Participant: 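Pasting in a structure now, in structure tokens, and then I'll have a few things to ask.
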Number of protein chains: 2
Amino acid sequence: MTPDPLNAVFAALADPTRRAILARLTEGDANVVELTTPFRVSQPAISRHLRVLERAGLISRNRRATARFSHLEAKPLGEATAYLARYREYWDESYERLDALLSALKEERPADPKATDPEATDASATDHHAPDRKGAHDGDDQRHG
Amino acid sequence: MTPDPLNAVFAALADPTRRAILARLTEGDANVVELTTPFRVSQPAISRHLRVLERAGLISRNRRATARFSHLEAKPLGEATAYLARYREYWDESYERLDALLSALKEERPADPKATDPEATDASATDHHAPDRKGAHDGDDQRHG
DNA sequence: TCGGTCCATAACGTAGAGGTTATGAATGAC
DNA sequence: GTCATTCATAACCTCTACGTTATGGACCGA
């Protein structure tokens, strides 16, 4: 039933107006009029953006008189960040490769002990653009369907 | 002219098939056939997913004989993470507030040590609808759906 | 040269996103 | 009670996303 919360969170974040709304909400809760004013789109459009954000769990809302205030709920952002953190080693990879390269160069010259860390030379680095792994892994691919 | 790279990156991440493709690519580069097999969608569908990922800068591709291998380019993921990091204080906030609340309770009745585990009592529960950042409003009237 | 494999693209359908204007319900102020 | 404000919703349009099947180009092996 729940297809995957990340779908809704990332989709919500894909729209610049919604990101701007979230940024605005870091300065404090705001009602629809306050959120509509700076964005030169119509009020119903903002209302729909808010509904998208609410369904993604990124905001909560409560009444106050005739107004309805939106409040930033950042936990899904934390979950999205946690998801992305899985890839950190891959965008650090270039630095690691630079490290490996420098280490290799240093090996030709004498010494430097810290260059011998086996974890530093990640497999993915050598693997770069040299696939040749034809069906090596078992069918562990995740389908979120 | 470039509307904002985050648009494309988050939009690309919003699709579970594309996220699965990225996950697969952490195990090594793959051609279209290898990427199509596990996902029970047609090959043209995968080709389009790959184009979306490529436009978002999340993969690069190179030929190898008749095949075309995709390679994970994680830097945009790092940029997306950097963007989300701006909100870290807001999802940490709940823990901070929970801490503050528990501290306050402890001062009243010095006892009950097991209540201090932040993992045990879900933080979002306390955080929910307790704005007080600026708008200083209360009243819990929320609607979902 | 010929057949097979890999892949992109075209053509098409459906569904949803994002925008608009018009309108009405809910609530506070007078 | 009456009016003004706030907001959601309906009705509508356009554009894009995502999927399909059909097809053809590019390239390798024999």
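Just so we're clear, the structure is a prediction, and the values are computed from it rather than from any experiment. The analysis underlying the following values was restricted to heavy atoms, covering all of them including side chains, and did not include hydrogens, waters or symmetry mates. In what follows, every chain begins at residue 1, and chains take the letters A, B, ... in the order their sequences are listed.
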Participant: Can you tell me how far P of C:dG16 sits from CZ of A:R51, to the nearest Å?
Facilitator: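 In whole Å, C:dG16 P and A:R51 CZ are 12 Å from each other.
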
Participant: Whole Å only: how far is the CD atom of A:Q43 from the C1' atom of C:dT21?
Facilitator: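 It works out to 11 Å between those atoms.
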
Participant: Measure CZ/B:R63 against C1'/C:dC6 and give the value in whole Å, please.
Facilitator: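 That distance rounds to 9 Å.
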
Participant: How is A:A45 classified with respect to the nucleic acid when contacts are heavy atoms under 4.0 Å: base, sugar-phosphate, or nothing?
Facilitator: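 Answer is base: heavy atoms of A:A45 come under 4.0 Å of a base.
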
Participant: Give the rounded distance in Å between these two atoms: CD1 of B:I46 and P of C:dC6.
Facilitator: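 Between P of C:dC6 and CD1 of B:I46: 15 Å.
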
Participant: Would you tell me if any nitrogen or oxygen in the side chain of A:S42 comes within less than 4.0 Å of OP1 or OP2 on C:dT20?
Facilitator: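 So the side-chain polar atoms of A:S42 do come within 4.0 Å of the phosphate oxygens OP1 or OP2 of C:dT20, strictly under.
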
Participant: If I take atom CZ in residue B:R68 and atom C1' in nucleotide D:dC27, what distance separates them, rounded to the nearest angstrom?
Facilitator: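 B:R68 atom CZ is separated from D:dC27 atom C1' by 14 Å.
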
Participant: Taking CG from B:N7 and C1' from D:dA17, how many angstroms apart are they, rounded to a whole number?
Facilitator: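 Rounding to the nearest Å, CG of B:N7 and C1' of D:dA17 are 15 Å apart.
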
Participant: I want to check one thing: is the phosphate of D:dA8, taken as OP1 and OP2, less than 4.0 Å away from some side-chain N or O of A:S47?
Facilitator: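 Checking D:dA8 against A:S47, a side-chain N or O does come within under 4.0 Å of OP1 or OP2.
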
Participant: Please state how far atom NE2 in A:H49 lies from atom P in C:dA17, giving the value in whole angstrom units.
Facilitator: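 Answer to the nearest Å: 12 Å.
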
Participant: Look at all strands and tell whether A:R48 reaches a base, only sugar-phosphate, or nothing, counting heavy atoms closer than 4.0 Å.
Facilitator: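 Base contact - A:R48 has a heavy atom under 4.0 Å of at least one base atom.
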
Participant: Tell me the interatomic distance from B:L53, atom CG, to D:dC18, atom C1', rounded to whole angstroms.
Facilitator: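 For the pair B:L53 CG and D:dC18 C1', the rounded distance is 14 Å.
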
